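Side-chain atoms are counted along with the backbone in the values below, which use heavy atoms only and exclude waters and symmetry mates. Every chain is numbered from 1, with letters handed out A, B, ... down the list of sequences. Just so you know, these numbers come straight off a predicted model, no measurement behind them.
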Amino acid sequence: MKLKALLAIVLSLGLAGGALAAGGEGSLEAKHPKKVDWSWEGPFGHFDRQQLQRGYLVYKEVCAACHSMSLLSFRNLSQPGGPEFTEAQMKAIAASYKIKALDEKGEEVERPGIPADRFPLAYANERAARAANNNAYPVDLSVITKARHDGSNYVYTLITGYSEQPPAGVTLLPGLYYNEYFPNHQIAMPAPLTADDQVTYAPDAGNPKATKDQMAKDVVAFLSWAAEPKMEERKQLGVKVLIFLVLLSVLLYVAYRRLWRDVDH
Amino acid sequence: MAHGNYSYKPTNAFTKWLDSRLPIIRLIDESVLAFPTPKNLNMWFTFGGILTFMLAVQIVSGIVLAMHYVPHETQAFDSVERIMRDVNYGWLLRYMHSNGASFFFIAVYLHIFRGLYYGSYKAPREVLWLLGIVIYLLMMATGFLGYTLPWGQMSFWGATVITNFFSAIPVIGESITQWLWGSFAVDNSTLQRFFSLHYLLPFVIAGVVVLHIWALHVPGNNNPLGIDVKGPADTVPFHPYYTTKDAFWIALFLIVFCYFIFFNPNFLGHADNYVPANRLVTPAHIVPEWYYLPLYAILRSVPDKLFGVILMFGAIFVWALLPWLDTSRVRSNRFRPFMKQFFWILMVVIFLLGYLGAQTADDSNLVFFGVELPIGKILLSRILTIYYFLHFLLITPLVGLMETPHAVPESISKAVLAKKGGAQS
């Protein structure tokens, strides 16, 4: 009983904190996300480099305004299995950011970013983030597709699943938006992708048109890679390991049968 | 030595010299190589070997993970992600270890249920069985402690719920809970001691495993017929016969294990554990790891917390009484037409309890794989809990007394010959 009371207090504190900003009419379940055929699913799945590069662009120009990716470094952008920007492109991306550092006198200065730097944080800390966002906290996106059930489909459906107007009879709390794919159907994040060509894709590289749907898919690809940057290495090794184990099993089976051939059992 | 009069004979001057000083080659030879093993063991008897292998996998991968992991509330989550991202093959070590826990439990459950089916707990193997229960309890503790280490939401809230069990103890409960936490809530001191204990317990398990194998080697293996070994015709030396057979089954087990490591590594985990621990936000639905779910359902079926905790631990303690609750003179369910049915009913009941343990804690009707059943979850879990205890406390002694078992073969070798003859005619 004491535990239940504790949980109730903690739960109400969490909600009062505005993290999920629940509506007044009791909890509404989020709708199941739509299924998308992603290129990285299945044992032979892999990411599309161009898509990851476009996805990074969408993250940088749209999501990064409020969301951090604290676990990623610029160097990750040119690692195998990821967007695989060239070394020079990756260094240019890093250098385009100003990073706080100390000079030799211990004075705080700003220097251009280097490959080893983490992606800069959107806000200095959680309190600053909440202050700027109607007391809602834009979560870190480093592992977001692993931190939600069916994460890639969930993020895609969420960012494309906003309704312009809530259904009749539903009153939105101040500063919240209607989205049936979010618990309680009210979310503090405004629709991030509002118009085609919101992000400018390079026209010459065989890139598709930057429709809202395309941008959503691209950024989900980027987030899925960021959550699991060694996925391609893992699956490639897995295929080899399984082939080895199947062959080993066959040999062990033959040895076992042969050895037992002369034993009545 | 169990059966036969085999004994090791040193062959050269060095082994003779060593044998009269430290007979370690004799120990290995008599307990691993030449050990006479019933020749009719089926695949369900290979899980002992698989478990030994899995214990080694967990200890080795765990030791390397501990070289990179930081047990601190502000760094634990990120240090696990650093292992996944920046440590060479860190993702492999970590997925091997986290899925390894699940596969360790899959193997131990099959090992235990095999023991139940073939009566491996019955005389003269009671101590062997009791040591097995000790190992299982140690595994439960180790698995729970390990699950808290990534310091995600499920880690934190799982630790909060489980440690709060102890607060149910009258008078001293709160003091015990705070002593376990090292604080007034689950926090950094809890994480650090859990890491320390998580590192310690596997070696305790390894120690009890040695006792378990020792206790196995005095009476020798049980077998699917559940009859005693009568002579050398009934056995083969463990090596090479069972080393080869176990190796084959370990390889098959590894294929399934590796499918999860490489292609579905988070299937057995919970998405919330990739959200860093936050004491201000309770997850909507706190669930333990799958291997605790039947026990969790038993706990939740009782409205009173203290009684729930007692019943949950009682569900395991009742196994310890089993050698004396089972009144049958026959070990193997192969010759027990009624007990065999009750065994499978028990398996279904345990599975259903596990399914209930994964559901939300309300009293709506159970939705079983998409089909709504006309029974409330709480009522059903109470019925199943009562049945679970009745199986051991009432059904097992009564069926043993009332059932007429089939005729048991005279010896393993005769049963084998009869089977062969039957197959030919």
Q | Counterpart residues, side-chain contact (heavy atoms from CB on, under 4.5 Å), relative to A/Arg148 (two or more places apart) | A | A/Val139, A/Ile144, A/Tyr154, B/Val275
Q. Does atom NE2 of A/His46 have more than 12 heavy-atom neighbours from other groups under 6.0 Å away?
A. no
Q. Less than 4.5 Å apart, any side-chain heavy atom of B/Asp86 and any of A/Arg75?
A. yes
Q. Any side-chain heavy-atom pair from B/Arg85 and A/Leu71 closer than 4.5 angstrom?
A. yes
Q. Relative to chain A, which segment of B/Ile412 carries a heavy atom at a distance below 4.5 Å: side chain, backbone, both, or neither?
A. neither
**Q.** Side-chain touch A/Leu237/B/Tyr89, heavy atoms, less than 4.5 angstrom
**A.** yes
Q.
Just verifying a value: how many Å separate A/Leu248 CG and B/Ile250 CD1, rounded to the nearest 0.5 Å?
A. 10.5 Å
Q.
Less than 6.0 angstrom separating the ring centers of B/Tyr242 and A/Trp260, yes or no?
A. yes
Q: Quick one: pull up OG1 in B/Thr243 and OH in A/Tyr256 and give me the separation to the nearest 0.5 Å.
A: 12.5 Å
Q | Any A/Lys235 side-chain heavy atom under 4.5 Å of B/Phe263 side chain | A | yes
Q: Answer with side chain, backbone, both or neither: which region of A/Val250 has an atom nearer than 4.5 Å to a non-hydrogen atom of chain B?
A: neither
Q) Contact part of A/Leu242 toward chain B, heavy-atom cut-off under 4.5 Å: side chain, backbone, both or neither? A) side chain
Q. In terms of heavy-atom pairs under 4.5 Å with chain A, which of B/Pro265, B/Gly269, B/Pro276, B/Ser413 leads?
A. B/Pro265
**Q.** Interatomic distance, B/Phe262 atom CZ to A/Glu233 atom CD [nearest 0.5 angstrom]
**A.** 10.0 Å
Q. Which of residues 220-232 of chain A get closer than 4.5 angstrom to chain B, counting heavy atoms alone?
A. A/Ala226, A/Ala227, A/Glu228, A/Pro229, A/Lys230
Q: Kindly indicate, with the supporting measurements, whether the criterion side chain to side chain contact (heavy atoms under 4.5 Å, CB included) is fulfilled by A/Lys146 and B/Asn266.
A: CA-CA 8 Å; A/Lys146 287 201 292 190; B/Asn266 293 306; 3.5 Å; yes
(Q) Would you compute the distance between atom CZ of B/Phe257 and atom CG of A/Leu245 and round it to the nearest 0.5 angstrom? (A) 11.0 Å
(Q) Please report the interatomic distance CZ(B/Phe253) to OG(A/Ser249), rounded to the nearest 0.5 Å. (A) 13.0 Å
Q: Go through A/Leu72, A/Val239, A/Asp150, A/Asp140 and name the one with the most non-hydrogen pairs under 4.5 angstrom from chain B.
A: A/Val239
Q) Do you know which of B/Trp249, B/Tyr95, B/Trp91, B/Tyr259 has the most heavy-atom pairs with chain A at a distance under 4.5 angstrom? A) B/Trp91
Q | NZ/B/Lys414: more than 12 non-hydrogen atoms of other groups inside 6.0 Å | A | no
Q.
A quick test of your reading: do over 12 heavy atoms of other residues, nucleotides or ligands sit less than 6.0 Å from CD of A/Gln89?
A. yes
Q: Side chain from CB out, backbone as N, CA, C, O: work out which of these in B/Leu254 comes under 4.5 Å of a heavy atom of chain A, or both, or neither.
A: both
Q. What residue in A/Ser142, A/Ala147, A/Gly42 has the most heavy-atom pairs under 4.5 Å with chain B?
A. A/Ala147
Q: Please determine, among B/Leu41, B/Asn273, B/Thr244, the option with the most heavy-atom pairs under 4.5 Å with chain A.
A: B/Thr244
Q. Should we count CG of B/Asn88 as having more than 12 external heavy atoms under 6.0 Å?
A. no
